[in-house]
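Order of the sequence lines sets the chain letters (A, B, ...), proteins ahead of strands, with each chain counted from 1. This structure is a prediction, so every number in the text was calculated from the model and none was measured.
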Amino acid sequence: MLDLKLVRAQSDLVRDSLIRRGEKTDILDALLEADARRRAILVEVEELKRRRNEASAQIARMKKSGEDATDIIAEMKSVGDAIRDLDDELSVVDGRIREALLAIPNIPHPSVPLGRDESDNIEVRRWKEPTQFAFEPKPHWDIGTELGIFDFERAAKITGARFVIYRGAGSNLARALINFMLDLHTRQHGYTEVFPPYLVNRDSMVGTGQLPKFAEDMFKCEGLEYYLIPTAEVPVTNMYRGEIIEAALLPIKHCAYTACFRAEAGASGRDTRGLIRQHQFDKVELVKFVHPDTSYDELESLVNNAERVLQVLDLPYRVTMMCTGDVGFSAAKKYDIEVWMPSYGRYVEISSCSNFESYQARRADIKFRPAGGGKAELVHTLNGSGLAVGRTIAALLENCQRPDGSVVIPEALRSYMGGLEVIERP
RNA sequence: GGAGAGAUGGCUGAGUGGUCAAAAGCGCUCGCCUCGAAAGCGAGUGGGCGGGUGACUGCCCCGUGAGUUCGAAUCUCACUCUCUCCGCCA
């Protein structure tokens with residue numbers, strides 16, 4: 001969330017941010033009104049509390065010396081009632097303020113281009129050109145099903161639509177990719193691996209910004225305030241919730257493999273075939289906690305780290321910068337990495353890398369102690385996929401397919417697959 | 001799942017209705033001492049919100065949330081987490 005002081009002092013900036021994002025601004029007006037009321041109550045109630053504290057000390061003294069304090073106690077009774085009434089109103093107003101703050105998205109960085117939706121995103125760079133085929137390339141769902149490495153039908157039977165069973169070499173491929181990605185990031189990019197819970201509590205979901213606004217996209221446990229994680233970003237970022245980190249420890253860089261669960265509400269009918277949009281998928285996530293001065297450099301290196309996966313796998317991709325209308329709710333700036341997907345005839349998002357600045361850190365209360373001591377300040381948090389495993393498998397099958405339906409395994413993965421070079425039809 | 005114990009500042013740990021943001025110790029910072037260091041001695045050491053140019057100052061915070069009271073770290077209730085024992089279990 002944004003700093004209430006900033007919202008108060010520079011409400012025009014926040015209003016402009018909402019407009020550039022294509023959002024309504026009535027929430028801001030409600031916030032400013034509640035804030036004004038809160039400050040008025042505060043002045044009044046603090047004065048009453050000061051009087052009560054003074055009287056309390058006086059009563060204590062009188063009782064100690066055996067004097068009669070009946071009068072002053074009676075007087076304080078009404079003061080107590082007045083305090084209670086004001087405190088009650090204050091908590092209502094505080095609730096409104098918090099609700100509004102949680103619903104206001106981050107302010108886009110000045111470098112983020114103005115735009116309405118994804119069509120206004122900007123291509124930043126491209127690596128290799130789209131794969132050319134001397135034959136008609138097949139979509140990955142056909143390739144994988146014919147190779148016997150995907151089983152969508154049985155997955156639908158045991159669970160439902162938008163689930164898959166990987167089988168044989170397919171299952172090995174998923175495992176190989178996860179290990180390959182984790183090894184790359186831990187051994188070459190300096191990330192420390194963590195393996196967190198897949199279920200998190202409500203505070204964690206609020207901390208990273210999934211709740212309260214995006215509740216319908218999440219799976220929630222029946223009868224429990226636990227949620228299935230939509231991304232490892234949630235548990236990993238919340239590892240440090242409510243903590244103050246020594247400045248010398250920054251930047252903290254974690255990578256994590258987890259399964260991810262998304263209800264995909266509002267996406268019915270989109271990408272219904274194949275691995276692109278599943279309710280459960282696997283992902284290796286990169287998460288950083290950094291000093292505010294360095295967060296934009298750290299964003300660039302985070303994107304590079306994620307790109308490296310595709311480079312080593314030799315898959316064509318491009319990097320795009322999200323415009324104001326498409327940048328994530330909690331993000332100040334976001335790059336997508338899009339892999340070439342022959343069945344779509346276009347690039348498809350395979351990674352999303354964001355700098356949240358202090359937006360998540362304020363929600364989750366993650367601070368650092370500056371070198372040499374002093375007041376704790378909010379860290380900046382960043383994260384990005386490095387990468388989504390299902391979409392990587394899809395891209396790999398489609399880009400590495402051969403006319404006979406077999407698929408060549410990229411060299412970097414072969415040691416993870418017992419030396420297998422080609423997945424062939426049974 | 002059952003039984004019990006506990007949650008206080010960076011840490012250990014006192015505090016069971018009233019000048020308690022809270023003893024003491026450790027740690028840390030500064031000073032004295034020293035060639036330097038250790039030891040010793042002295043002083044200082046939590047956070048949030050607000051007011052004041054400033055010295056300074058008001059409110060809140062003792063796991064979380066309600067309640068009792070003129071007044072709650074202290075009493076009541078609910079919840080969360082931790083630890084010990086038993087049971088169960090991958």
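Of the two residues contacting RNA chain B, namely A/Glu54 and A/Arg39, the nearest-nucleotide position lying further toward the 5' end is that of A/Arg39. Annotation: of the two residues near RNA chain B, A/Ala57 and A/Arg51, the 5′-most nearest-nucleotide partner is A/Ala57.
Counting any heavy atom pair closer than 4.0 Å across all strands shown, A/Arg84 reaches sugar-phosphate atoms only and no base atom. Using a 4.0 Å heavy-atom criterion, one finds that A/Arg8 contacts the sugar-phosphate atoms exclusively. Looking at heavy-atom distances under 4.0 Å, A/Arg61 makes contact with a base. Using a 4.0 Å heavy-atom criterion, one finds that A/Lys64 contacts no nucleic acid atom at all.
Between A/Phe329 and A/Phe214, the ring-plane angle classifies as perpendicular under the 30° and 60° cut-offs. Ring planes of A/His291 and A/Phe368: tilted class, angle from 30 to 60°. Taking the six-membered ring where the residue is Trp, A/His189 and A/His185 present tilted rings, their angle falling between 30° and 60°.
Summarising the base pairing, B/rU74 is matched to no nucleotide, lacking a Watson-Crick or G-U wobble pair whose two defining distances lie under 3.5 Å. Nucleotide B/rU53 is matched to nothing when pairs are restricted to Watson-Crick or G-U wobble geometry with both distances under 3.5 angstrom. The base-pairing partner of B/rC83, taking Watson-Crick or G-U wobble contacts with both distances under 3.5 Å, is B/rG4. Base pairing analysis places B/rA23 opposite nothing; no Watson-Crick or G-U wobble pair with both distances below 3.5 Å involves it. The pairing partner recorded for B/rA90 is none, the criterion being a Watson-Crick or G-U wobble arrangement whose two distances lie under 3.5 angstrom. Of all nucleotides present, only B/rG42 satisfies the Watson-Crick or G-U wobble test against B/rC30, with each distance under 3.5 Å.
Taking the centre of each ring, A/Phe289 and A/His380 stay at or above the 6.0 Å mark.
A distance of about 8 Å separates the C1' atoms of B/rC88 and B/rG1, rounded to the whole Å. Taking the P atom of each, B/rC59 and B/rU68 are spaced 23 Å apart, rounded to whole Å. With C1' as the reference atom, B/rU53 and B/rG46 are 27 Å apart, rounded to whole Å. On the C1' atoms, B/rG47 is 12 Å away from B/rC62, given to the nearest whole Å.
Side-chain nitrogen and oxygen atoms of A/Arg369 include none within less than 4.0 Å of the OP1 or OP2 phosphate oxygen of B/rG46. Put simply, A/Asn53 has no side-chain N or O that comes within less than 4.0 Å of OP1 or OP2 on B/rG58. Between A/Lys77 and B/rC70 there is a side-chain polar atom (N or O) within less than 4.0 angstrom of OP1 or OP2. Taking only side-chain nitrogens and oxygens, A/Lys5 comes nearer than 4.0 Å to OP1 or OP2 of B/rG50.
The 12-atom threshold is not exceeded at CZ of A/Arg154, counting heavy atoms of other residues, nucleotides or ligands nearer than 6.0 Å.
Side-chain proximity of A/Arg52 to B/rG71, B/rG48, B/rC59: nearest is B/rG71.
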Assess whether side chain to side chain contact (heavy atoms under 4.5 Å, CB included) is satisfied between A/Gln58 and A/Asn53, documenting all intermediate values. CA-CA 9 Å; A/Gln58 194 184 343; A/Asn53 289 343; over 6 Å; no
